[in-house]
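In what follows, chains are A, B, ... by sequence order, proteins preceding strands, each numbered from 1.
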Amino acid sequence: MSQLLDNLNPEQLAAVTLPARHALILAGAGSGKTRVLTTRIAWLIQSGFCGPQGILAVTFTNKAAKEMVTRLSAMFPINTRGMWIGTFHGLCNRFLRAHHRDAGLPQLFQILDSGDQLASIKRLLKTLNIDDEKFPPRDLQHFINGQKEAGIRPAAVEAWDDYTRRRVELYVEYEAQCQREAVVDFPELLLRSYELLERNEPIRRHYQARFRHILVDEFQDTNVLQYRWLKLLAGGQGGEGGACLFCVGDDDQSIYRFRGAEIGNMRDFERDFRVTDVIRLEQNYRSQGNILDAANALITNNTKRLGKNLWTDKGAGEPIRVYEAFTDTDEARWIVEEIQSLVRDGMGRADIALLYRSNAQSRVLEHQLFSSGVPYRVYGGLRFFERQEVKHALAYLRLIANPDDDTAFTRVVNFPTRGIGARSLEALQDAARTWNTPLYQTVPHLSGKPGTSLAQFVVLIERLRQETRELPLHEMVDHVIELSGLRAHYKTEKEGQERLENLDELINAAANFSAEVGAGQIPGEQPSETSAVLAEFLAHASLEAGDHQADAGIEAVQLMTVHAAKGLEFDVVFLSGLEEGLFPHENSAQESDGLEEERRLMYVAVTRARQRLYLSFTQSRMLHGQVRYNLRSRFLEEIPEGLTKWLTPPSPRRSFVSEPSTRYYNPGAGKAAAPAMPPPPPQKSRDLGGLRIGQSVNHARFGDGVIVAAEGSGNDARVQVKFAEAGAKWLMLAMAKLTPV
DNA sequence: GCCCTACATGTTTTT
DNA sequence: CATGTAGGGC
């Protein structure tokens, strides 16, 4: 026990050993948040305040949940299975499976991930003959999820205009379709759970009595519905006999407002539960002083804060290095050279992160890393269970588990192709509407001979179900991949090798999964029904889409967006593209509080670094096929001068373009519809020494070209010339001899 | 049923 | 620029 609390700082100790009251822990970046959470759970149990079954700990990502379980198991021997530790969605899934009847769901309901949901909505619009130009499926998905995440069913939507009323009708239709097909989307998992708890008093009372301590990670990321769910589970506001809510979060790291996170929940929580225990964890164990000072200085520019100041006893450390490049390519080249030099000095590549605001920026960086032969790894992109071949295999499995799943049906009815075209599918869909049956059940109704392709498809699925009934999960998956023709299909495909490997990997995943499920079994107990294991596996596949990329072992430089970097830390961090319009992103200017969210994002980025932080920006950047000239980011100006060291001569924050984000169109590269190129600012024409943009020039080495852009002034004046032979080059006017042609 | 081209469309992302 | 998608043509 004493060991458990060793080495905690006073604030951490206070948080861990708080009496049984509601509490809000404001945990700054790198302040030992996860440690406090897990130690609190261990402390509660070891002190006898509560049994493992009285704990509910909820996180946002599977990774965080797993981390918590791992750390707990390392602290003391405990059966973590008895505890409810998981993601909001994972826990709701568990809850709904346990009470599926009361929730109005079949036991083996399937879970739609966002892709499935979109496909389902598209299909709905098609069957209802609705113009998807007028109702873009993506918008509709966003609308429906937005309502659900606010806890609003169609009947309760406030619709003042025809368009919204129409969307509400579609919301109704969509719900009906999901119910018919026995599928549940992500927000539905939460809303159903919430509604069941709200309406069913015995169940509510049961869980309110069971959970004594509810611990919430990343509380600043909760949405409206998640907070209401927590309130309900905790037994209402400050209610006696309910659970204690222990919410850990950092308002300064709230960067997911765009997907429904409601920072207001933190204030609401304080008010609703009359929280008197607010503990700030401000000692940072990650970064050197200069880095923290920069982060603190930045974030004080935000107005809506609960207030917090990070500190460290590590000393100031190195200055923050700032670099100004001419172009994005130059920036990338410099970063790669710097990385190579760091690696030569013994820095591990995996300890170096390369961060950017948007994914589009990674390409230039990747290109440079690749051509320099520096191993790198990009986070983001498709994950394992989202790959098409894996989704196809899963769709067959879903049909076996639940033939009513029309999304799965349409996905594979003709994949691999078996001669079922749009024509026969339309007929089937019409018939399904007439008979009001799922597609699968509609097939026999069709007035075709039993030998039709559709009938054969049903025979295939029935056969698969029969033949795999007794098989262990991984053999079942193997069998399905084989008999569905998927394996044969990818064997003939030119680039099918990787897909085949992924299908094998799916079989492995199934084997691992059933081994884990089996491990949780009490010896002598009947093994679970294959169908139940299958349903669990499918839920697992939807809820946990897997790692972004598999080869984590390689010593490689880590590339990712700032969002993806949240929660991670690195010895060295390069933050690139610090330009107005890019970071802060131009789209954020329109949203209220958009700039503050961008600044929080910047705060997250800066606090990823342990020892060394590089900030870089460029004078010109190629974006969407156009060269753009941006001012350097205002966030750079918000870092006190004494903390930084400029690797390039500090320049005034001026560009010859007065307005940020002004676009100059590249003659030749631009489209005809592009607005006319703005005239160069008058004071520039002098500095160009008689040259102007659009002028044809000759260079001794590069030959003939056209001036397409210019920047800087006096001795710094540069022009970009697009040469017929040599391509586009930036040239210093003072150096290059350009003669007008 | 498949391939090709024209065209639009470009933040951030987990479950 | 570059990537994805919708729709036409074979």
Side-chain H-bond candidate by donor/acceptor type, A:Y227 with A:E262, under 3.5 Å:
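No.
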Looking only at the side chains, is there a donor atom on one of A:Q117 and A:D185 sitting less than 3.5 Å from an acceptor on the other?
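A:Q117 vs A:D185: donor-acceptor pair found between side chains.
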Mind checking whether A:H99 and A:F95 have ring centres under 6.0 Å apart?
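They qualify: ring centres under 6.0 Å apart.
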Between A:F109 and A:H100 (judged by ring centroids, cut-off 6.0 Å), do the two rings come close enough to count as a pair?
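Aromatic pair excluded; centres sit 6.0 Å or further apart.
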Between [X] ([atom1]) and [N] ([atom2]), how many Å, whole number?
| X | N | atom1 | atom2 | answer |
| --- | --- | --- | --- | --- |
| A:Q110 | B:dT15 | CD | C1' | 16 Å |
| A:Q626 | C:dA2 | CD | C1' | 13 Å |
| A:D139 | B:dT9 | CG | P | 12 Å |
| A:E591 | B:dT12 | CD | P | 13 Å |
| A:K566 | B:dT15 | NZ | C1' | 14 Å |
| A:L582 | B:dT12 | CG | C1' | 12 Å |
| A:E366 | C:dA2 | CD | C1' | 13 Å |
| A:L355 | B:dT11 | CG | C1' | 16 Å |

Counting just side-chain N and O atoms, does [X] come under 4.0 Å of either OP1 or OP2 of [N]?
| X | N | value |
| --- | --- | --- |
| A:N62 | B:dT14 | no |
| A:T561 | B:dT13 | yes |
| A:R383 | B:dT15 | yes |
| A:N359 | B:dT11 | no |

From [options], nucleotide with atom closest to [X] side chain:
| X | options | answer |
| --- | --- | --- |
| A:T61 | B:dT11, C:dT3, B:dT14 | B:dT14 |
| A:H585 | B:dT14, B:dT11, B:dT15 | B:dT11 |
| A:S588 | C:dC1, B:dG1, B:dT11 | B:dT11 |

Take atom P in C:dT5 and the same atom in B:dT12, then report the distance between them in whole Å.
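Nearest-Å result for C:dT5 against B:dT12 at atom P: 15 Å.
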For B:dT14 and C:dT3, measure between their C1' atoms and round to the nearest Å.
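Here B:dT14 and C:dT3 have their C1' atoms 23 Å from each other.
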Determine, answering yes or no, if A:H563 is stacked on B:dT12 under the 5.5 Å centre rule and the 30° plane rule.
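According to the criterion (under 5.5 Å, under 30°), no, A:H563 does not stack.
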Should A:Y256 be counted as stacked on B:dT13, where stacking needs a ring-centre gap under 5.5 Å and an angle between planes under 30 degrees?
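According to the criterion (under 5.5 Å, under 30°), no, A:Y256 does not stack.
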For [X], report the nucleic acid contact type (base, sugar-phosphate, nothing); a contact means any heavy atom under 4.0 Å.
| X | value |
| --- | --- |
| A:F60 | sugar-phosphate |
| A:R357 | base |
| A:L91 | nothing |
| A:E598 | base |

Does A:F583 form a side-chain contact (heavy atoms from CB on, under 4.5 Å) with A:L575? I'd like the steps, not just the answer.
CA-CA 10 Å; A:F583 199 0; A:L575 181 54; 4.2 Å; yes
Pick the closest DNA chain B nucleotide for A:G421 and for A:A360 by heavy atoms, then say which residue is nearer the 5' end.
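The residue mapped nearer the 5' terminus is A:G421.
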Closest-nucleotide ordering on DNA chain B, the 5'-leading residue of A:G419 and A:H89:
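Between the two, 5'-proximity favours A:G419.
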Could a donor-acceptor pair under 3.5 angstrom be found where the side chain of A:S114 meets the base of B:dT14?
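Flag unset: no donor-acceptor pair detected.
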Relative to each other, are the rings of A:H563 and A:F258 parallel, tilted or perpendicular (30° and 60° limits)?
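Perpendicular.
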